[in-house]
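What follows is one structure encoded as structure tokens, with my remarks underneath.
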Number of protein chains: 2
Amino acid sequence: MTIKDIARLAGCGVATVSRVLNGQPDVSPRTRERVLAVVAEHDFRPNSNARRLKQRADTAVPVLVQGTQNMLFAGLVEQVQAHLRDHGRQAALYYLDEDADGAAFAARLCRERRPAGILFLGGTARAFQRSFAAVTAPCVLLTGSARELGFDNLSSLTTDDEAAAFQAASYLLDRGHRAIGVLGGSRPLTQIGLRRLAGLERAFGSRGLTFDLDRRWEPCRYDLEGGYEAARRLMERCPELTALFTMSDVTAMGAIRALGDLGLRVPEDVSVMGYDGIPMARYCVPRLTTICQDTGLMARRGVELLLERMDRGGPPVYETAPFRLQEGESVADLRQSGKRGS
Amino acid sequence: MTIKDIARLAGCGVATVSRVLNGQPDVSPRTRERVLAVVAEHDFRPNSNARRLKQRADTAVPVLVQGTQNMLFAGLVEQVQAHLRDHGRQAALYYLDEDADGAAFAARLCRERRPAGILFLGGTARAFQRSFAAVTAPCVLLTGSARELGFDNLSSLTTDDEAAAFQAASYLLDRGHRAIGVLGGSRPLTQIGLRRLAGLERAFGSRGLTFDLDRRWEPCRYDLEGGYEAARRLMERCPELTALFTMSDVTAMGAIRALGDLGLRVPEDVSVMGYDGIPMARYCVPRLTTICQDTGLMARRGVELLLERMDRGGPPVYETAPFRLQEGESVADLRQSGKRGS
DNA sequence: CTCTGTTCCGGAATCGTTTCCAGTTCCACT
DNA sequence: AGTGGAACTGGAAACGATTCCGGAACAGAG
């Protein structure tokens with residue numbers, strides 16, 4: 001069953017059928033109706049492979065996601081997919097694993113499918129640089145900043161990480177915490193890690209304090225095991241800590257488990273501040289005090305930015321999304337309890 | 001840059017280039033080498049849309065996933081994608097939301113792409129029946145059973161749910177629990193829910209007890225909120241319960257939060273048994289005692305089953321995967337503590 | 001030298017669309 | 001009635017691969 005058959009059955013040419021199927025003008029209502037009737041009767045769907053071949057570009061938008069375990073992305077994926085669908089487009093999802101293999105595979109795929117635009121969910125700018133620098137189609141990076149890279153095809157939309165980290169650190173400092181450890185990021189630091197640490201240091205600085213980066217920062221992968229291992233290492237090195245600032249909620253949960261295994265209670269002995277605001281943060285034990293990223297906004301705006309540039313071109317844009325500190329039960333107020341000063 | 005350009009540069013015909021690219025015989029080593037050199041020099045990739053058009057089938061395998069929040073599927077997705085890649089194929093992921101809209105959209109898409117096979121991760125057989133009954137390509141359903149449906153294109157691979165529920169219930173009964181509530185499934189019961197409840201009832205029956213389905217079973221969505229709400233409803237209706245058997249770890253975590261909000265401790269006041277064995281089960285507080293599904297096996301075998309039937313045809317098969325009860329800290333032994341008998 | 005068979009090769013048809021372009025119809029207006 | 005233009009229509013040429021099929025080259029046998 002092809003467009004040709006439909007044309008024959010409807011008594012018209014293939015060009016007319018194509019026009020009807022694509023909602024183009026220049027078709028009389030009478031003809032349109034007749035064609036639609038035949039299409040409906042046979043439940044006909046045009047072959048998308050042929051369509052894409054002719055149109056020389058894939059209407060599906062590849063969405064490349066960094067890892068499957070960070071639940072922040074699970075929510076983003078769902079919303080991105082929905083927004084793309086609202087715009088009559090499809091999301092083609094790919095999960096990249098840590099290794100370069102996955103990125104290379106995805107890059108090859110992008111060459112073959114010839115997409116008109118790509119959406120990145122997370123992932124370091126460095127990885128992008130390595131595998132996708134040759135891509136000319138417009139791209140958008142969510143939860144990461146591309147401003148510093150200056151690619152002429154990569155926009156980005158990220159939470160105002162410096163301000164968020166400032167507020168998170170201030171929240172801890174205000175509650176009497178001084179010995180604060182930081183969990184997250186990789187060595188060497190990515191842009192996003194740099195900005196978060198900058199916010200943290202500003203919070204310390206504004207109170208006349210300094211943050212001992214070398215001792216009290218521990219890089220870690222953004223998953224449970226990463227948080228667990230990093231927290232153990234950090235607490236072993238700095239047993240004096242009264243609070244941990246983690247760069248993701250999943251990491252925070254791994255850290256909480258590590259603290260528990262070390263016989264430390266959260267938040268009575270050690271406080272934990274999360275980052276992301278995934279749904280789980282409001283259900284886990286204890287509930288996480290965390291920085292909520294606005295995934296709804298990011299998904300909507302990210303898709304908008306991408307489609308806009310796919311349609312009309314223009315230079316890449318760099319935007320920041322608002323955030324909100326959500327209080328849970330994972331941070332203790334040392335001024336009241338008076339336990340373990342430092 | 002097309003195959004024609006390559007042919008021109010290599011001084012041969014397009015047919016020869018195509019043969020080389022697809023590793024077919026009937027090409028002299030000399031020519032093959034020359035073509036490969038040109039291909040490598042220009043980093044040429046054949047247009048996959050044209051290829052698929054001619055071959056009349058998409059090599060990508062649609063993978064339809066039920067919801068983004070159930071982390072069991074996150075792991076499965078990752079492994080399925082990897083296995084498909086090992087077989088030289090690509091996964092095309094689609095997340096279905098609860099509403100019929102998503103399923104209808106996915107179904108339309110599957111018709112358009114004309115895939116040679118489809119993989120379902122979770123999802124009720126009922127949903128399949130509604131939207132995909134017309135699909136003739138072989139399909140495989142993971143974590144769900146299709147045996148009872150008798151479609152001639154739908155294989156399935158599921159944990160031996162009856163046996164798993166039997167073991168889980170026995171575990172609780174052995175530790176002195178009698179007032180056990182069940183969280184999960186939907187009304188009316190799906191095949192998978194039926195089998196799990198059957199296993200549970202068998203465990204009760206083997207001890208001369210009966211399970212009061214009407215009072216002590218509460219259906220719920222497989223996410224945090226679903227578990228939370230259902231646990232509250234159930235505990236309100238049956239405050240005498242000493243244990244909850246939930247049909248997913250995520251649900252269990254929602255339930256644990258609900259119990260906490262009701263002032264009940266886990267496991268001291270109420271025990272919770274999970275199902276799935278997601279990574280989070282070993283990190284959350286308290287660690288979950290749960291039924292581990294073998295996602296590694298399911299992903300590998302699921303892909304095998306699908307590709308096998310795509311290549312060689314044959315009738316659908318129905319297999320079960322092994323499971324393992326993993327002990328955490330969410331179940332109390334009433335015989336020792338002697339608290340709250342029932 | 002002729003014949004047969006194998007190996008290698010390239011032209012051309014094909015897949016199912018979209019889109020260009022030329023042609024037809026039809027209507028309103030001089 | 002004649003004309004201009006808009007609205008509509010359908011044939012045919014792409015799009016970029018795969019694959020059928022016939023032909024060329026060459027070897028060995030008779």
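Below, read A as the first sequence line, B as the second, and so on, with proteins coming before strands; counting in each chain starts at 1. No experiment lies behind these values; they were computed from the predicted model shown. Excluded from the calculations below are hydrogen atoms, water molecules and symmetry mates; all remaining heavy atoms, backbone and side chain alike, are included.
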* **Sequence-aligned protein contact record of nucleotides 4-17 of chain D, with B where the base is within under 4.0 Å of a protein heavy atom and S where only the sugar-phosphate is** => ----SBBBB-BBBS

Table of protein N/O atoms under 3.5 Å from nucleotides 24-26 of chain C N/O atoms:
none

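Side-chain atoms of S145(B) and Q191(B) form no donor-acceptor pair, as typed in the model, at a separation below 3.5 Å. Side-chain contact annotation: T295(B) with Q79(B), donor-acceptor N/O pair under 3.5 Å present. For the 3.5 Å distance criterion, the side chains of R52(B) and N49(B) qualify, holding a donor opposite an acceptor.
Taking five base pairs at each end of the helix from dC1(C)-dG30(D) to dT30(C)-dA1(D), the local helix axes there meet at an angle of 50°, rounded to 10°.
What separates CZ of R52(B) from C1' of dT17(C) is a distance of 14 Å, to the nearest Å.
Note on Q24(B): every side-chain N or O is 4.0 Å or more away from OP1 and OP2 of dT18(D).
Residues passing the side-chain contact (heavy atoms from CB on, under 4.5 Å) test with D152(A): none are found, sequence neighbours excluded. Contacts of R309(B) classified as side-chain contact (heavy atoms from CB on, under 4.5 Å), with partners at least two apart in sequence or in another chain: P138(B), N153(B), S155(B), P316(B).
For residues 30-41 of chain B, no residue pair satisfies the salt bridge (Lys or Arg N to Asp or Glu O under 4.0 Å) rule, not counting sequence neighbours.
Remark: side-chain polar atoms of N22(B) are not paired, donor with acceptor, to backbone N or O of Q24(B) under 3.5 angstrom.
With L21(A) as the partner, the side-chain contact (heavy atoms from CB on, under 4.5 Å) test is satisfied by one option alone out of V39(A), V35(A), T16(A): V39(A).
Residues I6(A) and M1(A) meet the side-chain proximity criterion, which asks for heavy atoms closer than 4.5 Å. Counting heavy atoms from C-beta on, the side chains of L72(A) and Q293(A) come closer than 4.5 Å.
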